[in-house]
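Report on the following structure.
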Amino acid sequence: MTDRPYVIDQLISAKAIAARIEELARAIESEFAGTDKLVVVGLLRGSFIFIADLVRELGLPVEVDFIEASSYGDAMESSREVRILKDLRSGIGGRDVLLVEDIVDTGHTLAKVTEYLGTRGPRRLRTIALLDKPSRREVAFAADWIGFSIPDAFVVGYGIDFAQRDRNLPHIGTVRFL
Ligand code: 5GP
């Protein structure tokens, strides 16, 4: 599929992302004010740039960990399964946790991963996603904070890939085949 030539049309500039991350960081700081340490968990791989920028804006003591989940299954939404491919290194029982995702699309991934992390007994578990595609939702899931709500389009850049390409773009864009 990537053999076909394509261009990327800018959807959200690097400057707009940086400005939004500052706002999100202030909201997270106020939610977790007084925490002894916040465990910031990045959902691999798409969140790696977002989490890097977000933690540098946070004026809170943080620990960083990662989890990797894989979605698979047939076309039937109800049978869609989410597997944990790489688990956390830290214990989160009784701790403050922020789960960081790149995109909420159908909602299955965040719904399942938050349910899974919830079984580990965190004191507070909140979720943040850089992008949200509300029109694609299949399960009722709302992240606590969203960077940008976007239409149903395939996006790349700022950590998000197209067949493992374009993660290093500093902005977010949509793929357009020529
Ligand atoms: P959900 O379980 O909410 O449907 O899946 C969310 C995941 O789907 C995201 O973490 C991301 O990996 C993938 N995804 C959803 N929309 C896009 C998109 O526009 N571009 C890319 N590269 N991945 C997407």
Side-chain angles (χ1 to χ4, degrees), residues 1-14 16-17 20-21 24 28 39-55 64-88 97-120 125-178:
M1 184 156 118
T2 41
D3 294 342
R4 280 179 63 193
Y6 65 93
V7 291
I8 296 167
D9 299 317
Q10 182 170 300
L11 183 67
I12 307 170
S13 70
I17 296 170
R20 183 67 183 127
I21 287 176
L24 292 166
I28 294 164
V39 187
V40 184
V41 175
L43 199 41
L44 290 171
R45 280 177 264 180
S47 72
F48 82 105
I49 292 180
F50 181 37
I51 191 174
D53 283 346
L54 184 64
V55 294
V64 174
D65 204 342
F66 292 95
I67 192 166
E68 185 171 7
S70 155
S71 310
Y72 68 99
D74 57 30
M76 287 178 60
E77 286 104 57
S78 57
S79 68
R80 206 172 138 160
E81 229 177 311
V82 176
R83 281 187 303 153
I84 302 297
L85 298 180
K86 182 215 165 291
D87 208 339
L88 296 178
V97 180
L98 176 67
L99 178 62
V100 181
E101 167 68 312
D102 57 355
I103 308 173
V104 196
D105 188 31
T106 63
H108 288 280
T109 306
L110 266 186
K112 289 281 168 55
V113 176
T114 50
E115 183 188 319
Y116 173 69
L117 293 181
T119 65
R120 303 285 194 81
L125 172 60
R126 299 287 183 268
T127 52
I128 182 168
L130 180 65
L131 304 175
D132 186 18
K133 297 184 189 173
S135 65
R136 296 259 310 155
R137 204 69 94 248
E138 290 172 5
V139 290
F141 183 88
D144 295 292
W145 298 282
I146 287 293
F148 301 90
S149 191
I150 60 168
D152 178 15
F154 189 81
V155 296
V156 293
Y158 197 72
I160 302 162
D161 74 305
F162 176 30
Q164 300 309 325
R165 291 154 64 165
D166 306 314
R167 287 193 200 271
N168 56 332
L169 272 183
H171 57 269
I172 289 168
T174 52
V175 169
R176 178 164 50 91
F177 288 100
L178 296 172

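First listed ligand is number 1; within each ligand, the first listed atom is number 1. One-based numbering along the sequence shown.
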Could you pull out, from Asp102, Val156, Ile103, the option with a heavy atom nearest to atom 6 (C) of ligand 1?
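Nearest heavy atom to atom 6 (C) of ligand 1 lies in Ile103.
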Electrostatic pair Asp87-Arg120, nearest N-O below 4.0 angstrom
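Answer for the salt bridge query: yes.
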Assess whether a salt bridge exists between Asp132 and Arg137, defined as any Lys/Arg side-chain N lying under 4.0 Å from an Asp/Glu carboxylate O.
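Salt bridge: yes.
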Check against side chain to side chain contact (heavy atoms under 4.5 Å, CB included), Val39 and Leu88:
CA-CA 10 Å; Val39 187; Leu88 296 178; 6.0 Å; no
Contact check, [X] vs ligand 1, heavy-atom distance below 4.0 Å:
X: Lys133; result: yes
X: Phe154; result: yes
X: Gly107; result: yes

Can you tell me how the ring of Phe177 sits relative to the ring of Phe162, calling it parallel under 30°, perpendicular over 60° and tilted otherwise?
perpendicular
Donor-acceptor pair, side chain of [X] and main chain of [Y], under 3.5 angstrom:
X: Lys133; Y: Ala153; value: yes
X: Lys86; Y: Phe66; value: yes
X: Arg20; Y: Ile146; value: yes
X: Ser47; Y: Phe50; value: no

Residue-level breakdown please: for Glu101 versus ligand 1, do any non-hydrogen atoms fall below 4.0 Å on the side chain, on the backbone, on both, or on neither?
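It is the side chain that gets close, since no backbone atom is under 4.0 Å.
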Given that the side chain starts at C-beta and the backbone is N, CA, C, O, which of these parts of Ile160 lies under 4.0 Å from ligand 1, counting heavy atoms, or is it both or neither?
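Side chain only.
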Among all protein non-hydrogen atoms, which one is nearest to [atom], and what is the separation to 0.1 Å?
atom: atom 22 (N) of ligand 1; answer: Asp161 O, 2.7 Å
atom: atom 5 (O) of ligand 1; answer: Thr109 OG1, 3.5 Å
atom: atom 8 (O) of ligand 1; answer: Asp105 CB, 4.5 Å
atom: atom 4 (O) of ligand 1; answer: Thr106 OG1, 2.5 Å

Any protein heavy atom sitting closer than 4.0 Å to atom 18 (C) of ligand 1?
yes
Only heavy atoms of Ala153, strictly under 4.0 Å: list the atoms of ligand 1 that pass.
19 (O)
Ligand 1 and Val155, any nitrogen or oxygen pair closer than 3.5 angstrom?
yes
Do any nitrogen or oxygen atoms of Leu110 come within less than 3.5 Å of a nitrogen or oxygen of ligand 1?
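No, Leu110 has no N/O under 3.5 Å of an N/O on ligand 1.
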Determine whether Val155 and Ile12 satisfy the following criterion, side chain to side chain contact (heavy atoms under 4.5 Å, CB included), listing intermediate values before the conclusion.
CA-CA 10 Å; Val155 296; Ile12 307 170; over 6 Å; no
